[in-house]
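Remarks on the structure that follows.
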Amino acid sequence: MRRILERLVGRPRSRIAGRVRHVVTGRSGLEIGGPSRIFGPKGRLPVYPWAAALDGLDHRTATLRHPERAPDAGFVWNPRRAAGRLVVGEAVDLAGFADAGYDFVLASHVLEH
């Protein structure tokens with residue numbers, strides 16, 4: 001399926017990644033949901049290797065995709081970087097986050113749910 005989509009729409013990684021790289025390199029961000037493969041080293045938009053720090057917001061600590069996540073483990077997004085802060089809550093309520101506290105926000109699977 002991935003090959004068919006790439007033939008139809010091309011590989012957006014080469015076009016988008018270059019534009020995004022300068023925005024996230026060495027900066028801190030917040031990922032709502034995740035961690036997501038799309039932002040990993042082999043993903044279409046490999047943000048994780050470039051970012052300096054990343055916190056996460058998820059609706060619960062243990063999900064079907066991440067059953068190994070312990071409440072005190074933090075947001076593990078890159079094995080070469082320190083785990084970020086993991087906040088459990090709803091994506092529509094960002095009251096626990098400071099205004100202008102992040103340089104960028106990632107949300108890959110939020111809209112589909």
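Quick note: residue numbers are just sequence positions, from 1. Note that these values count all heavy atoms, side chains included, but never hydrogens, waters or copies made by symmetry.
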Can you tell me how far apart CD (E31) and OG (S108) are? Round to the nearest 0.5 Å. 7.5 Å

Look up atom CG in D99 and atom CG in L94, then write down how far apart they are to the nearest 0.5 Å. 10.0 Å

Looking at R21 and V47, would you say the former's side chain and the latter's main chain have a donor-acceptor pair under 3.5 Å? no

Could you report the tightest heavy-atom contact between P49 and G40, atom names first, then the distance? CD-C, 4.4 Å

Which atom of V76 lies closest to which atom of A83, heavy atoms considered: CG2-CB, 4.1 Å

Does the pair V87 and D58 meet the rule for a side chain to side chain contact (heavy atoms under 4.5 Å, CB included), with working shown? CA-CA 6 Å; V87 176; D58 207 345; over 6 Å; no

I'd like to know if the side chain of R81 and the backbone of A51 have a donor-acceptor N/O pair within less than 3.5 Å. yes

Nearest heavy atoms of H22 and R27, plus distance in Å: O-NH1, 3.2 Å

So which atom in A91 and which in I32 form the shortest heavy-atom distance, rounded to 0.1 Å? CB-CG2, 3.5 Å

Give a yes or no on whether the backbone of L30 and the side-chain of D55 come within a donor-acceptor separation of less than 3.5 Å. no

Within the distance-only criterion (no hydrogens, no angle test), does the side chain of R44 pair as donor or acceptor with the backbone N or O of F39 below 3.5 angstrom? no

Output yes when a side-chain donor or acceptor of Y48 lies under 3.5 Å from a complementary backbone atom of P79, and no otherwise. no

For a 4.5 angstrom cut-off between non-hydrogen side-chain atoms, does W77 reach L86? no

If you take all heavy atoms of L57 and E90, which pair is closest and at what distance? CD2-O, 3.8 Å

Closest non-hydrogen atom pair, G101 against S28: O-OG, 4.1 Å

